[in-house]
Amino acid sequence: MAITKEVIEYIAMLARLQLDENEESSMVSDISRIISYFDKLKELDTSNIDAMEFLSTDEDVFENALRDDVVGKSYDREELLHPEEEEGSEYFTVPRVVE
């Protein structure tokens, strides 16, 4: 797929980016070079390369990588909620982040 100015404008619209003419031209050039590099990588012969170990579906590999879900001690609900505010309203209070 050829990267054109129209493709960059469409991607910018989807990402809600405002690019000027220089940025659009630069993006066309940069993304074209990146895609051509990936096309070059596709030419490599990887038939003799072993798959990465963590992508294996062997059960022994996953047995050590994943733990069992275990129900543990939880916080006391009454300590976390602030009942002194409005009665019947259960919520968490957090520090204000917007003034």
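Note that this is a predicted model, so its numbers are computed, not measured.
- Judged purely by atom type and a 3.5 angstrom limit, Glu23 uses its side chain to pair as donor or acceptor with the backbone of Asp20.
- Cluster annotation: Val7 is connected to Ile31 through the hydrophobic network of ILVMFWY side chains, with a link wherever side-chain heavy atoms come within less than 4.5 Å.
- At a threshold of 4.5 Å between side-chain heavy atoms, the hydrophobic network of Ile, Leu, Val, Met, Phe, Trp and Tyr places Ile8 and Tyr10 in two separate groups.
- One finds the NZ atom of Lys5 at 3.5 Å from the CD atom of Glu21 (value rounded to the nearest 0.5 Å).
- Sorted by first and then second residue, the side-chain hydrogen bond (donor to acceptor under 3.5 Å, both in side chains) pairs involving residues 29-41 (not counting sequence neighbours) are Ser26-Asp30, Asp30-Arg33.
- No side-chain heavy atom of Met27 sits under 4.5 Å from any side-chain heavy atom of Glu9.
- Residues Leu44 and Ile34 are members of one and the same hydrophobic cluster, defined by side-chain heavy-atom contacts under 4.5 angstrom among Ile, Leu, Val, Met, Phe, Trp and Tyr.
- Gln18 CD: 12 or fewer foreign heavy atoms inside a 6.0 Å radius.
- Heavy atoms only, all atoms of each residue included: Ala12 and Leu19 are closest at CB-CD1, 3.8 Å.
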